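Here the structure is laid out as structure tokens; the discussion comes afterwards.
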Amino acid sequence: MPIQPKAETTIPGKRGNYLIKRIITEGNMAWALEAENLDQENRKVFLKYYKSPTPTVSWYRDYLRYVSEINRRLEESSAHQYCVLCRDLFTANPRPGLNPHEYMFQAFDFIESGKDLRVWLDSGINDWNIRVDVAKIFLVAMKKIHEAGVVHCDLKPENVQLLETTSSMGLIPRMIDMDRSILQDVEAPWVQGEHKEGYVGTPGYFSPEHLRGETPVCASDVFTIGIILCEILCGCHPFAAQLDDRENYKAAVLEGGCYGDICMLSATLGGSTEHAAQFTALIERCLSPVAESRPTVAELHAALLDMADEPADSPVAEVPEPVEEIPAAEVPETAPEPKPEASPARVASTLVLKGNNGEFRTKIGMDLGSKSLPIATTEANFAARDQFRVEKRADGWYALPCVGTKNMTMLNGTELTEARRLSENDTLCLQGRSSGKQAMQLTVSLI
Amino acid sequence: MAGKCCADIVFCIDASGSMEPCLRGVCENVGRLLEGLRSGQQGQSYWDVRFDFLTFQDSSEGVSRYHTTGIPGSVGVIRGLYTEPTPSDFFTRDLEQFRQSLASVSPNGEECHLMALDIALDFPWRPSEECHRVVILLSDEPVETGVLVDMQLPVIPKLIEKIMKKKVTLFIAAPESAAFYELAAVDRCVYKDLESVGDGLEKLDFSDILESIGKSVSVSQFYGGGAEEVLPLFGQSEWVPTQRNDLGSDK
């Protein structure tokens, strides 16, 4: 029974001491706290303080190892772009003195400007293209998570953070609440032993495997993705009529059914009737009670791209270059930049910036800085929020300086003062205006 | 959007003499929470809640008085739970009955927290796979300054196991106490020491308790099952009524 956290308490972690600033929310499993890492220039973090499991639970130590492995797989795969990553997992005593127990904590990157998919859905967006784009980026995120060998297991709109960026699309998905996710090849510790529990999920989003007491698999996520896609593209939950009674919900989910009427609602949100028919077929596969009958997320994503690319009778804006595995920022919500009539040389579709922490990829122009570059470098904290801009032009990718930055942006050792075209293996870094010290080295790759 | 949630809640309230200043405030706040749940405020209209209270008043001689919503006296409470179980006498959905019964309790005596907690855990809950079970323990004294401390402290490990076995979510709002910190190892529960509460018990807001437990849940918690048994840790089934007080029991 963890002790209620208090603001202005310092919690010692592995990678710094965390000063609790406020309680953001309280869940069934954990408190969500805003904190500052006092040993990393007061960098703001999202600190989770776990009510469950506690040290009295027989599988507590195994759980710590299991979560570490999930974090490792997410961080070392391309899924890292689509998850809010754990930066520090540790146990600590939140109230030294009378309290004899240590509890589990995880420190995550703090999302400053995000809102979750539930909030987005409730805001009543009625632009069909934006709805399709959000569905696509959500699927990309889930595809990467599955490729990393992880089943999310507790999908719901509240667990999809939509991070606002300065790009024209404006949104990038970040999946959260993966502390009861499961490894595809290792049984979860909490379903074993004296204090065993079932798999975690949320009423209204449980998959048939959850309900049958089976181990959730990727196809279980696909089932829930089907529910969420209905919410995004049709504006309603496919089991809305059964949500008040869990037995009715269970019966409806396990029985399977026809969802054509629900899918046709997509037409009321701007989708074409032709799309609705295609969508019906997809959703009915997703919501099949038989896991093997469901598509993979990759298949689902490809099918959605096909649907989005060929608008029929609705005024759907063109979605440029629908290449798979692209982040949200790659799909502008407005019309794409005009392309030259005939480009003499093919311009790389993707700009990659490689740093000491991974890669940042983009297919469109955007401002980059302290909020976007932690994906690639651990030294993004030296950058301004908008440190420099990258743009895709007719003849290649360009870097441009942003005004008012504390540190200079250097391209191949010289200050970036105007738009300069980027080449393979160019280096970008920061340099102190007075100290001359350099940090945040990034290597350019064009693919 | 989520499915309807069920909860059984027992407010396990210290009704000793020192609680007099804040007991009325607690009554009102508990009432407000339940009213909110019933009327669908606080986004909790999907809750199907039964509730009850167990007030406890004890003496160092081993005399205890308990009240619940439907049973205004220890004899009935102990009999109804242990010797001649009458589950229908426990839990209600009638807020007015709850309020009136709680308001009729006169603060008096000392407190024996863990014994009362043990009794609250033996209430006739709905099956754990059907509903959340919550005990909210409220006191203005630490265990160590109550009565029968030497009898209570050794039971803490068994109490922890019992809480976990019964899948009860325990919420404690009380002053700092080594015993409560020891209980702090129970999974998925919360200890708010009164320093954190700030305004004191009478202003304590309970609404966040239900809000938090309604979020992600283990599927076994929602659809699974578990064996049920009454496991009194203080020999309650052997307790006998005392002549010293119509509502008391000798232990």
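In what follows, chains carry the letters A, B, and so on, assigned in the order in which the sequence lines appear, proteins first and then strands, with residues in each chain numbered from 1. Model, not experiment: these values are computed from the prediction.
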* **Heavy-atom side-chain proximity of A:Thr56 to B:Met164 below 4.5 angstrom** => yes
* Asked: Quick one: what part of A:Trp31 sits under 4.5 Å from any heavy atom of chain B, side chain, backbone, both or neither?
  -> side chain
* **Interatomic spacing from NZ in A:Lys6 to NZ in B:Lys192 - rounded to 0.5 Å** => 13.0 Å
* To do: Using modelled atom types only, decide if a donor and an acceptor are shared between the side chain of A:Ser52 and the backbone of B:Asp187 within a distance under 3.5 Å.
  => no
* **Heavy-atom closest pair, residues A:His101 and B:Glu182** => NE2-O, 3.4 Å
* Asked: Is there a side-chain contact between A:Lys51 and B:Thr169, using heavy atoms and a 4.5 Å cut-off?
  -> no
* Asked: Do you know which two heavy atoms are closest between B:Ala185 and A:Tyr103, and how far apart they sit?
  -> N-OH, 3.7 Å
* Asked: Can you list every pair that meets salt bridge (Lys or Arg N to Asp or Glu O under 4.0 Å) and has a residue in residues 200-221 of chain A, with sequence neighbours left out?
  -> A:Glu209-A:Arg212, A:Glu209-A:Arg294, A:Arg212-A:Glu214
* Structure fact -> Looking only at heavy atoms, the pair that brings B:Arg188 and A:Thr54 closest together is N-CG2, 4.4 Å
